[in-house]
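Down below is the structure, laid out as structure tokens.
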Amino acid sequence: MYHRSPRRRDARASAVILMCSIGALTACSGAEATKVAGHRDPARDATALSRRPIAPDPSWKKLVLNVPGPYVRPKSLSTQGDAGAVTDPNGLLEEGGGTTTLTTTADDSTKIIVDLGVLAGGFVELGVERASGAPIRMSYAEGSGYLGREGDADPDPGGFFYKGRTLSTEDDPDGRADVFDPPRRPMVLRSPGLRGAQRYIAITLDGPGKATLDFVRVRQTGFQGRYDGNFLSDDEVLNRAWYASAYGLDLSTIRGDRTDPHARWIIVDGPKRDRIVYAGDVRLVAQAAYNQSAEYRTAVRDTINLFACQQRPDGTFPAASRADVPCELGDPGPPDGSPAGYEPPGESGPVRLDSFTAWWVIGLADYLLHTGDARFVEPLLPVARRAVRFFVDRAPAGGLWRTADYDGKAPYNWHTPDKAEGVDAYSNAAYYGALRSLAALERSVAKDATAAARLDRIAARVRSAFVARLWDPKAGAVLLNTEDPRRDHSSDANAGALLFGLLDDGRARSAMSFLEQRLGSAYGTRTSEFPASDANPYMTQYISPYMVAQEGLGRLRYGDGTGALRLIRKSWDHMIRNGPGTAWEEIGVDGRPLVPRPGTSLEWGGHVGLAHAWSTAVPALSTGVLGVRPVTGAYRRWAVEPRLADLRWAQGDVPVPGGKISVRWRRGARDASFVLTVTSPGRTTGRVAVPLLGSERTIAMDGRIVWRNGGPAGVRARRLGGSVVFDGIRGDHTFAWTR
């Protein structure tokens with residue numbers, strides 16, 4: 001009888017395994033992979049796999065929404081009204097490629113609707129060959145459903161955002177529509193003020209007239225990063241969520257160059273309406289920025305610095321800041337409020353939003369961790385100490401602090417204009433985070449271990465008080481506020497507790513179940529248990545992508561990667577498919593970008609930002625799915641701890657000082673194999689967690705066995721939960737195991 005050569009059989013099996021496990025998993029059947037693995041020595045197979053690093057897939061570049069170059073031009077045009085009144089509408093698609101003529105009568109409401117394909121912020125320009133009769137009107141909207149005569153501005157004269165009012169200074173005169181006298185000679189009409197974000201532009205005439213037009217475009221003024229940070233996976237929804245979030249941040253980065261031609265880039269709340277800075281938003285937005293581009297580190301620094309010179313005598317910051325406040329780096333000045341002439345914008349001046357002061361301290365510590373820039377942070381330590389002292393002085397015996405009108409100003413939380421007085425769960429979670437953050441700064445920057453230990457002790461007491469006063473064992477969830485008569489178990493109360501690790505594992509599982517079962521919806525987690533018909537004055541019911549993003553990070557902290565990705569799929573997929581392609585500020589419970597708030601003028605959905613920096617899926621995907629995070633400042637020590645959840649593969653780059661950390665992982669069909677390639681810059685060291693996916697494995701690294709029979713083989717490694725963690729990793733390595 002003929003017997004096949006074992007050597008030949010082994011060579012064939014190794015080839016099949018390599019084909020199945022490196023870059024071509026979808027081409028192999030699970031049966032074939034299992035059959036081959038079943039006839040092979042797992043150590044030999046793992047060794048072979050680990051010799052072949054996973055190659056990067058550059059197709060992520062096609063997902064970037066940022067339009068390179070100075071202009072964004074139309075992708076398509078349509079006519080509303082009498083199509084015969086518009087000749088050659090496609091002439092507007094390209095400069096010098098033909099002209100479009102619009103002719104209107106007294107009763108004509110004919111419009112040319114321009115779709116830019118993406119949101120664009122900047123000055124809108126219209127090339128006119130000649131015109132006569134009625135003035136030319138251009139109206140702007142983020143969403144096509146809100147494109148009215150005044151664009152997507154609030155039509156109510158009593159509305160806060162009537163005719164497109166913003167709180168910014170660098171877009172003056174603001175508005176969501178512009179009207180021009182008809183030029184009788186060729187001319188480029190330009191919006192007199194910067195128009196923050198629009199995908200749709202309506203061109204019409206205010207009465208009988210005729211206009212021959214050459215082009216329409218938006219001259220961009222926003223930030224255009226390099227995308228040296230990126231993400232890609234086998235899930236297209238998650239991929240689009242990452243890049244839609246990233247582009248929302250690009251659009252929300254502005255320069256206050258009307259007052260200072262050398263103004264720095266500052267990250268604001270949103271490009272259309274709230275073109276100002278909120279200290280509470282910076283921390284989450286910065287986590288996205290660090291993962292998106294190294295160029296954003298300076299913008300984050302300057303945004304944090306913006307509040308340092310505006311600290312009030314009691315240690316708190318204004319609720320919001322203009323983008324052009326002249327704060328010198330490293331010289332915050334005395335705590336006497338905003339510089340003269342740069343007072344807080346609009347209605348943000350006469351109110352308190354004290355929890356945002358705690359978030360600023362957290363953001364400062366995060367900045368140091370991601371950049372290592374102690375030179376900037378050290379002069380701001382007195383600012384951070386005064387900020388934390390405000391809460392400590394108002395918290396009895398190391399307990400929780402109460403939101404109140406300490407100087408007669410109305411107190412609010414992140415979800416204004418809801419009622420805020422009382423011991424608020426989300427605000428106290430931030431207080432706990434600020435205590436821990438300042439302790440880290442005292443330890444690493446001031447080298448004051450005694451001060452750090454004191455702050456850690458206070459934080460421990462706050463954690464105990466948080467659970468004792470705000471955990472509701474009957475509901476298995478955290479209460480919104482001690483003075484809330486409805487005893488609402490809101491999303492922010494529970495997301496904040498998860499985000500900062502305030503709950504033990506059992507309570508965390510219960511809170512996550514409550515969020516999904518009680519507050520879950522088709523579009524994400526609702527903020528409140530109570531609908532508008534039975535409204536809770538302490539919390540309006542809607543879906544906040546800002547809070548969903550933080551809930552996702554909290555779920556990842558407690559090991560629920562699948563739940564975190566499920567949230568992103570719900571909220572971001574809905575927003576992207578039903579909007580201009582970016583993440584919204586808010587989602588109504590019915591799925592529209594409209595959140596009516598009883599007793600206010602906020603009834604017009606057009607004012608809701610359809611691109612918002614705080615609505616970001618980037619941190620959950622880059623720090624969760626890829627698992628990249630700093631352990632010490634500037635990533636001198638780092639960790640790669642990927643959460644696979646239900647994905648088959650993922651890859652991405654995270655920019656770090658001195659280079660980037662790249663992660664690429666794939667799991668085989670039926671989890672028959674796993675390969676992880678990690679690259680890191682020189683002079684850094686880290687730890688890499690290799691998921692075991694429920695079984696003991698023999699793990700190889702770069703062609704040699706490093707874990708066998710439940711223990712390390714010639715390396716520093718340990719079993720931690722469902723992974724094997726390898727310590728002291730430098731440079732570029734590929735890890736692999738097979739079943």
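Sequential numbering from 1 along the given sequence is applied to the chain's residues.
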Pair [X], [Y]: side-chain N/O donor-acceptor within cut-off below 3.5 Å:
| X | Y | answer |
| --- | --- | --- |
| Tyr367 | Asn305 | no |
| Asn239 | Ser233 | yes |
| Trp265 | Thr298 | no |
| Ser622 | Trp242 | yes |
| Asn66 | Tyr243 | no |
| Asp250 | Tyr296 | yes |

Is there a side-chain contact between Arg385 and Leu438 in this structure, where contact means two heavy atoms from C-beta onward sitting under 4.5 Å apart?
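Yes, side chains in contact.
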Parallel, tilted or perpendicular: which fits the ring planes of His607 and Phe161, with parallel below 30° and perpendicular above 60°?
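His607 and Phe161: parallel rings.
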Can you say whether the rings of Tyr426 and Trp359 are parallel (under 30°), tilted (30 to 60°) or perpendicular (over 60°)?
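Tyr426 and Trp359: tilted rings.
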Counting neighbours of [atom1] on [X] that are heavy atoms of other residues, nucleotides or ligands and sit closer than 6.0 Å, is the number greater than 12?
| X | atom1 | answer |
| --- | --- | --- |
| Lys163 | NZ | no |
| Lys570 | NZ | yes |
| Arg375 | CZ | no |

Member of Phe390, Phe391, Phe356 meeting the ring-ring contact (aromatic ring centres under 6.0 Å, His included) criterion with Tyr431:
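When ring-ring contact (aromatic ring centres under 6.0 Å, His included) is applied between Tyr431 and each of Phe390, Phe391, Phe356, only Phe391 qualifies.
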Are the side chain of [X] and the backbone N or O of [Y] linked by a donor-acceptor pair below 3.5 Å?
| X | Y | result |
| --- | --- | --- |
| Thr525 | Val548 | no |
| Ser191 | Val124 | yes |
| Gln198 | Ala120 | yes |
| Glu551 | Ala549 | no |
| Thr357 | Phe317 | yes |

Quick check: closest heavy atoms across [X] and [Y], and the distance to 0.1 Å?
| X | Y | result |
| --- | --- | --- |
| Val268 | Ala613 | O-CB, 4.0 Å |
| Asp57 | Gln651 | N-OE1, 2.7 Å |
| Arg195 | Asp171 | NH1-O, 3.9 Å |
| Pro655 | Asn291 | CD-O, 3.5 Å |
| Ala430 | Ile362 | O-CD1, 3.5 Å |
| Gln310 | Pro318 | O-CD, 3.4 Å |

Before you tell me yes or no, could you show the steps for Asp115 and Lys75 under salt bridge (charged side-chain N to carboxylate O under 4.0 Å, His left out), namely the whole-Å CA-CA distance, both residues' side-chain angles and the distance that decides it to 0.1 Å?
CA-CA 6 Å; Asp115 182 356; Lys75 292 294 183 183; over 6 Å; no
side-chain contact (heavy atoms from CB on, under 4.5 Å) partner of Arg275, the single match among Asp174, Leu194, Thr169:
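Testing Arg275 for a side-chain contact (heavy atoms from CB on, under 4.5 Å) against Asp174, Leu194, Thr169 leaves exactly one candidate, Leu194.
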Between Glu641 and Arg687, does any NZ, NE, NH1 or NH2 come within less than 4.0 Å of an OD or OE carboxylate oxygen?
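Result for this pair is yes, salt bridge flagged.
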Any carboxylate oxygen within less than 4.0 angstrom of a Lys/Arg side-chain nitrogen, looking at Asp573 and Arg240?
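Salt bridge present between Asp573 and Arg240.
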Decide yes or no on side chain to side chain contact (heavy atoms under 4.5 Å, CB included) for Glu586 and His612, but give the supporting numbers first.
CA-CA 9 Å; Glu586 300 173 336; His612 231 61; over 6 Å; no
Quick one: which residue pairs count as a ring pair (Phe, Tyr, Trp, His ring centres under 6.0 Å) with a foot in residues 266-295, not counting sequence neighbours?
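Pairs touching residues 266-295 that pass the test: Tyr290-His370.
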Just how far is it from atom CG of Asp336 to atom CD of Gln311, taken to the nearest 0.5 Å?
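Here the interatomic distance stands at 10.0 Å.
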Test side chain to side chain contact (heavy atoms under 4.5 Å, CB included) on Thr623 and Val618 and set out the steps.
CA-CA 8 Å; Thr623 65; Val618 169; over 6 Å; no
May I have all residue pairs that pass salt bridge (Lys or Arg N to Asp or Glu O under 4.0 Å) and include part of residues 290-312, sequence neighbours excluded?
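Matches after skipping sequence neighbours: Arg226-Glu295, Arg264-Asp302, Arg312-Asp354.
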